[in-house]
Amino acid sequence: MFLKKNEINLCSLFKNVYRIHLRKYSNKEVSGRMRVLNVAEKNDAAKNIAGHLSGGNLQRREGFSKFNKIYEFNHTFQGLPSTMIMTSVSGHLLGYEFQGSYRSWTSCSPLELFHIPVVKECPNDFINIKKTLVREVRSCNVLVIWTDADREGENIGFEIIDVCREVNPRIQVYRAILSEITRPSVQRAISSLGPPNKNISDAVDVRSELDLRIGAAFTRYQTMRLQKVFPEVLAKSLISYGSCQFPTLGFVVERYKDIQNFIPENFWKIKVHHKIENLDVEFSWQRVRLFDEVLCNVLYERCQENPSALVLTVTKKPKSKWRPVPLDTIELEKAASRKLGINAKETMKIAEKLYSQGFISYPRTETNIFPKELNLSNLVQLHVQDNNWGDFAQSILNNGPTPRQGKKSDQAHPPIHPTKYTHVLQDRERKVYEYVVRHFLACLSKDAEGEETIVKIEINGEKFIANGLRIIALNYLEVYPYDKWSNKQIHNYNQGQSFMPTGLEMVDGQTSPPNLLTEADLISLMDKHGIGTDATHAEHIETIKSRLYVGLENNKYFVPGELGIGLVEGYDNMGFEMSKPHLRAELEADLKKICEGTKSPLVVLREQIAKYKDVFIKTTEQVEKLDQSLGKYLRTQPVAFQNNAQHESMTVKNIRKCPVCKQTNLVLKKKQNNQGFFITCTGFPTCRNTYWLPPSVISAQVSDNVCFQCSGGIKLVKFQFNARSMRPHYPDTYEGCINGCDSTLCEILQVNMSRPSSSSSSTLPSNRNVVTTNQNSRTRENNVRLPTNNLSRPGSSQNTRPLNNDQVCCQCGNAAKLLTVTRETANKGRQFYGCPKPISATDRCTFFLWADDQPMPTAGPPNTQFNNRNYYQNNNGQINNPYRARAVNNQSNSGGQRKCGHCKQTGHTRRNCPQN
DNA sequence: GCAAGGTC
């Protein structure tokens, strides 16, 4: 329940009327106060926002997660006195994963990873955070999202919304936008709440899903193949592919190859020296250098003919060395790598520790502009006490801080700066802290000032230049030893004067290749090409090091490893620029269009998947190029490996499409104790269709032969039975079709594919043929529909009756009865299906299904089904997925014996209880 | 055993 502001004002005049009004529409707020759940992206933000909103008058209590506290305080929300509950998540609450058995690398062909369902689920680490949200939101009327004002923040916001709406579907949702966490910003944000932006969130979902599908498909494929092709070298290697790690590797390989392919060129140039006493001033040639020796020699000889130098001009002008801009993550990483000798990954680890101890501000920021509200003088004051930089800090206070401003703002975090003084840190922590402090003081100080002298001379028509520098004031350099700027002396020259050089020489040289990339260079390239984020650059670099794609030369320069260069060259030879940055850039452009609402996320997903799937298939077709390239660099002969649809040959063999879910395949598997076999759907646990083979089967193997009687390429299975355990005259070894055409075999095995599954062993679970939707997860499929039709056919093994598509059937196999809730509850009038047998009947099953939760028709792509009542549009214009709402009906799997917490009956939960 | 993105 939420009231418009003018409505609230009116109500405030008639408090009694308002209270009635409030109670009428909200059963959450019995006390007459609004309860508002506020959720930030991290605990630190929640704490600070709560502090600003409450003016410090708040109570802290524990949530289920020890890292994410709950802050409670009173506040006037939209004109109403309200109880504010502020808590947080820790970044993403949910993440995409493959379901169930698909997490096994051999469960399916890697090609299938482009299409099989993925679910957005809460990792175990974050279950406690989710539990806190679920508990708190039950008693609230309003949810305010305070996550970071960036793309990921918007997506995290929707993850919070999804979790909260699951238990409180009527909650009103608002988005607060903060540019920084200061009191004015927080106040401004809460008084200008808007709706969350689904477009932005969708873009992140698309990116996440693509990263998983593409990354996993290529990683599994190339790992499994190359381990077999190079068993001596790569048997235990994980050969990953990722949309960020591969371009990062590509940069290293490209620079290495540039150097390898570099052809030096000879050049020649003329130098002039003028030495008086100990000062030797060198004049450089205005032509810089010539690549023609004869021509250079002609000009040199001309100078020699009349070597007297005439001073053409003497220019003196002020020269500044600019103080640094406020520190962002990338600059910290680069500076630490270059100047402190600490690599980016280690730097971020140290910075995070310093942040968690309160010594520095949040170290993952793209902002290099100090917000106006930040009291810089107070922060500088903290450092006046220091022996090394205290005097400098005092001088800043005396003159007033003059921050140099950069041009970037992530609208979320301020530049990295010290927040507390300490002098007790040791080693690398001290180095990083000192760097942050000195950088902070430096950028609040003044540019270094100097005077530059430029002298131009002419010798018989050829012009030369020399520079001098006189430093007037070091200013920021006094506190910032990481920058160098030194005086460069020059003689006093006057325009029009002539002098005789003490040296005139022609020197030769060779052009030299560029240097190998340092870590700072690599980070700059990643930043320039949009590979990764400021928070992840260091991780991608670490990944390609740990996978042995690259190594370090002299502990400083990146060189590709044999594996890394072999992979890049292999894909290049196929014509796929997998290691080039523009693939990611193209996706980024599409993501931007999704954010702007000019391109549909489904279209982007479909296009990108089609593109990468095509590359994947073509890769498998010419994968020998990868073998050859790697063989060359690994100096190992590739082991012959069949090239016929490799992505399939390295996985388990499919027997046929699962007759229940009709999406994934039936495969043959050994039981965990290795004693006996079963045939199961690879969609487990989404699809639980399983056929247990009798103990008399001592060996089973899917054959390459297909059944010539059945259509659809059903694979035969080769069985070995216990000797003489079969019928008289039945062979102990037999290859046959289990699809139904071989009735004797199916009878022996008690397998009947015309039914969802059959129980062939009395000692094993038989009723597993139920498709479920994980209650903690949201399922997303590409091109295929999540199997749901079994809900209308909870179909125990006894259910042999053919059912039409529209019929709802209970667990006994009977047509379910349509009933209506008659009790005076929130669900009064709502229809549901139940078992048609009398309540007193002992064999009555526990089937329960809301009529408006019925599965959709099975035809047509999912995005064409928006007219179905199960797809509904919420207040924020988002399309909600009905599958999640239906998940609670799935207790019918595995016996469904959990009791409702309300009526104590089985077959439904408290939330769906018809007696509500 | 897989990605990249948050965060602790």
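In what follows, chains are A, B, ... by sequence order, proteins preceding strands, each numbered from 1. Heavy atoms only: backbone and side chains are in, while hydrogens, waters and symmetry mates are out.
In this structure A/Asp614 satisfies the side chain to side chain donor-acceptor pair (under 3.5 Å) test together with A/Lys618, sequence neighbours excluded. For A/His92, the side-chain contact (heavy atoms from CB on, under 4.5 Å) partners at least two apart in sequence or on another chain are A/Glu152, A/Asn155, A/Ile156, A/Glu159, A/Val204. Considering only residues two or more places apart in sequence or on other chains, A/Ala176 meets the side-chain contact (heavy atoms from CB on, under 4.5 Å) condition with A/Val144, A/Trp146, A/Ala189, A/Leu193. For A/Glu588, the salt bridge (Lys or Arg N to Asp or Glu O under 4.0 Å) test picks out A/Arg151, with sequence neighbours left out. Partners of A/Thr422 by side-chain contact (heavy atoms from CB on, under 4.5 Å), not counting sequence neighbours, listed by chain and number: A/Phe359, A/Val424, A/Leu425, A/Tyr433.
Residue-level contact check: A/Gln227 touches the bases, meaning some heavy atom is under 4.0 Å from a base atom.
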Would you mind building the protein contact string for nucleotides 3-8 of chain B? One character per nucleotide, 5' to 3', B for base within reach (heavy atoms under 4.0 Å), S for sugar-phosphate only, - for untouched.
BBBBBB
